[in-house]
4 protein chains.
Amino acid sequence: MGSTPQPRRGNTRQRIQDVALELFAEQGYEKTSLREISEKLDVTKAALYYHFKTKEDILVSIFDDLNRPVEKLIAWGKEQPRTLETKKELLVRYSDALIDAAPLFRFMQENQAAVRDLSVGETSKKRLMELLDLLKDPDAALADQVRCVSALVSMHAGMFFLKDVDGKVEDKREAVLEVAVGLVTQAHSPDPAK
Amino acid sequence: MGSTPQPRRGNTRQRIQDVALELFAEQGYEKTSLREISEKLDVTKAALYYHFKTKEDILVSIFDDLNRPVEKLIAWGKEQPRTLETKKELLVRYSDALIDAAPLFRFMQENQAAVRDLSVGETSKKRLMELLDLLKDPDAALADQVRCVSALVSMHAGMFFLKDVDGKVEDKREAVLEVAVGLVTQAHSPDPAK
Amino acid sequence: MGSTPQPRRGNTRQRIQDVALELFAEQGYEKTSLREISEKLDVTKAALYYHFKTKEDILVSIFDDLNRPVEKLIAWGKEQPRTLETKKELLVRYSDALIDAAPLFRFMQENQAAVRDLSVGETSKKRLMELLDLLKDPDAALADQVRCVSALVSMHAGMFFLKDVDGKVEDKREAVLEVAVGLVTQAHSPDPAK
Amino acid sequence: MGSTPQPRRGNTRQRIQDVALELFAEQGYEKTSLREISEKLDVTKAALYYHFKTKEDILVSIFDDLNRPVEKLIAWGKEQPRTLETKKELLVRYSDALIDAAPLFRFMQENQAAVRDLSVGETSKKRLMELLDLLKDPDAALADQVRCVSALVSMHAGMFFLKDVDGKVEDKREAVLEVAVGLVTQAHSPDPAK
DNA sequence: CATGAATGAGTGTTCATTCAT
DNA sequence: TATGAATGAACACTCATTCAT
């Protein structure tokens, strides 16, 4: 927009990440070109390459930043007793993470194919599997295992799918959480050791 | 494998669709080039243009063929009484459709961003919304509405997410169905008119 | 130069090779861009890619075409008795090949670094070594081995180095040959079996 | 290693030259980027520009340093009587220079195309021509002129070509020299003034 | 029913170079 | 002495699409 050479502050790297995530989420990874990103930032394409080695590297850096809370959550979960309370708390905290990094998760959800053979794709899938392992009991009935899968995917898809449904965002979040907790509760074997 | 067994003499059209769907599902829409498709078929790119107007047109034609059952299902649903039985039957039939056209649905799921502004993207979303409307009661509690959303997305994602879980495909399908039915049942207001 | 869409004859592939070799020899491989080649041909860069898979592929195709006589020469040489007569004949024939494909050999000579890790680089070096093996006796004195090397490199470099020296091309060629033959003769062990 | 032992306090300039020459010789001029050089030195690209005006300037500075002995040799040669003894001595001294600055000469040999329109290219060619003029008699038979050319190019190429031949470096050097001297001797008109 | 030949617009990436600090 | 941040021009290459034959 401006043509005055703004006193390049040191925040360019951050701005690239912000704009990139916005466009990636809006149009998809493949359909977002570096030209587009650089134009929106009013810098040249080459400037992007000063800050990031490749296009994928931009995505990786965003992912690394925003995904840290999920990693912490999983680490936390692994140290807790495998009680229903723990599971419920996992869902609550995961819900928070999902909302904090909504664009990233929306992006990951909608670009699974594009991202499959990128490093973030694999990492992301691994995280999801770890979370799942914290929720489900390995030798529960198949339907109960599905309930845990269902709880997770509902939290992901739910948030975006619900955009077209009336209601306050906070209410929707709670409703999604309630359903997820219900599913996990149902799946929880009340007395695993007996 | 296709729904309507169109016995075209020259089966090239069909073969293009098959190979295209396979590659689209495997690598994503954007990352699959017409060159790739034509090479796998051992014809020239130009040949594709004899059978289809554009790349998108290939996708549309696949979608039209494979999605017809879902359209029929929705049409059927709209004529039924809005009972719990109807809803359960909807889920059962939808589950069948999902399995018959698994690659297509997997593709739609994993390429949401890529197809968002393609006609199939919109159509697909509309279908899903119509299905949802058949399952949920418009003025049910928010959580109950979420349960219906959850039932649907679980059916979609569930099938693919469960690939890494042990068990026979048929068993998994039934488990997914059981969970979906459970959610919809819970969401069904037992006496809407009272 | 014209803008009238000339009736694309089927010789484009050949024309690409011709122009490419010309530019490669004139400016070097790295400094010759595909844009340059295509502009000189009045086609688009993409057209080059219809005929050749990569830039290197253009070079390889030229090399394959023009280097065939040398391959034949070596094959012939391997079947001859290792007499001085054979060696002289090898030099004469090699001199012919050098002149027939002068631009290519000039190119190879002046772009050794650029071509070192291209396939043509290795192939070319191998050919030269095979030729050398046909000229020199493996256990001759070191100086005699050098004489054979010298004969070969003199033929290569000589032709181009002599551009700035007066004289008819045919005379120069014969002079170079005379010197090369002299060197090889001197190096030839008159009675290897004694 | 360098000719004039300029004991610059900050030795960065020297280090740049060393690394640059190493990479230029190894990979070629065009294929060696300033990024590569600076990374190998663990400084920034911009630092190179403090010491040298351009990429070419780096090459020029290396060339100027290492080529001085050749210039001196030519100046010396021009003052000597044009006897066979002088010519032999020229070859011996040139051989020394070649070995002292082997990487540079290897580089010049393998990158003729790349440096053709750089100043070093022209200078280098001029030096070679001057040397040649000291060796050959202007109105000798063509073949004798070729012998002198051959002596020179054999010294250049010979050293590198011989890498794949067995033998001690010192022996090879002497063998090359022997051959060169032989050629020049043969070319020397025994009684030019008579 | 299909191909051979080509195009125009685009992609991600690299380069030598600049300049305020 | 050097760097951090950026640029402009180029590069090799790919893509969906067209059209005469």
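Keep in mind it's a predicted model, so treat the numbers as computed, not measured. Chain A is the first sequence line, chain B the second, and so forth, proteins listed ahead of strands; every chain is numbered from 1.
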If I take atom [atom1] in residue [X] and atom [atom2] in nucleotide [N], what distance separates them, rounded to the nearest angstrom?
X	N	atom1	atom2	result
B:Ile16	E:dC1	CD1	C1'	11 Å
B:Leu23	F:dA16	CG	P	12 Å
A:Glu39	E:dT11	CD	P	9 Å
A:Ile58	E:dT13	CD1	C1'	12 Å
B:Glu56	F:dT17	CD	C1'	14 Å
B:Lys55	F:dT18	NZ	C1'	17 Å

### Query
By a strict heavy-atom criterion of less than 4.0 Å, which residues belonging to residues 41-50 of chain B are in contact with DNA chain E?
B:Val43, B:Thr44, B:Lys45, B:Ala46, B:Ala47, B:Tyr50
### Query
Where along residues 29-37 of chain B does a heavy atom come under 4.0 Å from DNA chain E, residue by residue in number order?
none
## Note on the structure
Sorted by chain and residue number, the ring pair (Phe, Tyr, Trp, His ring centres under 6.0 Å) partners of D:Phe24 (sequence neighbours excluded) come out as D:Tyr29, D:Phe107
Taking side-chain hydrogen bond (donor to acceptor under 3.5 Å, both in side chains) as the definition, give me every residue that meets it alongside [X], ordered by chain and number, with sequence neighbours left out.
X	answer
B:Ser61	B:Gln17
A:Glu122	none
A:Arg116	B:Glu110
D:Glu71	D:Arg127

### Message
Does anything in residues 45-54 of chain B form a salt bridge (Lys or Arg N to Asp or Glu O under 4.0 Å)? List the pairs, not counting sequence neighbours.
### Response
none
### Residue pairs fulfilling salt bridge (Lys or Arg N to Asp or Glu O under 4.0 Å) with at least one residue in residues 22-35 of chain D, sequence neighbours excluded
C:Asp117-D:Lys31, D:Glu22-D:Lys40, D:Arg35-D:Glu39
#### Entry: Listed once per pair and sorted, the ring pair (Phe, Tyr, Trp, His ring centres under 6.0 Å) pairs that draw on residues 36-66 of chain A, sequence neighbours left out
none
#### Entry: Distance below 4.0 Å between C:Thr12 side-chain N/O and E:dA6 OP1 or OP2
yes
### Task
State whether A:His51 places a side-chain N or O below 4.0 Å from either non-bridging phosphate oxygen (OP1 or OP2) of F:dG4.
no
### Task
Would you write the dot-bracket representation of DNA chain E, where each base gets (, ), [, ], | or . depending on whether it forms a Watson-Crick or G-U pair under 3.5 Å and with which partner?
.||||||||||||||||||||
### Any D:Asn67 side-chain heavy atom under 4.5 Å of D:Val120 side chain
no
### Task
For D:Lys125, check side chain to side chain contact (heavy atoms under 4.5 Å, CB included) against everything at least two apart and list the hits.
C:Asp164, D:Met129
### Message
Using the rule given for side-chain contact (heavy atoms from CB on, under 4.5 Å), can you reason through D:Ile16 versus D:Val43, listing the C-alpha separation, both sets of side-chain angles and the distance that settles it, and then say yes or no?
### Response
CA-CA 10 Å; D:Ile16 293 173; D:Val43 297; 5.8 Å; no
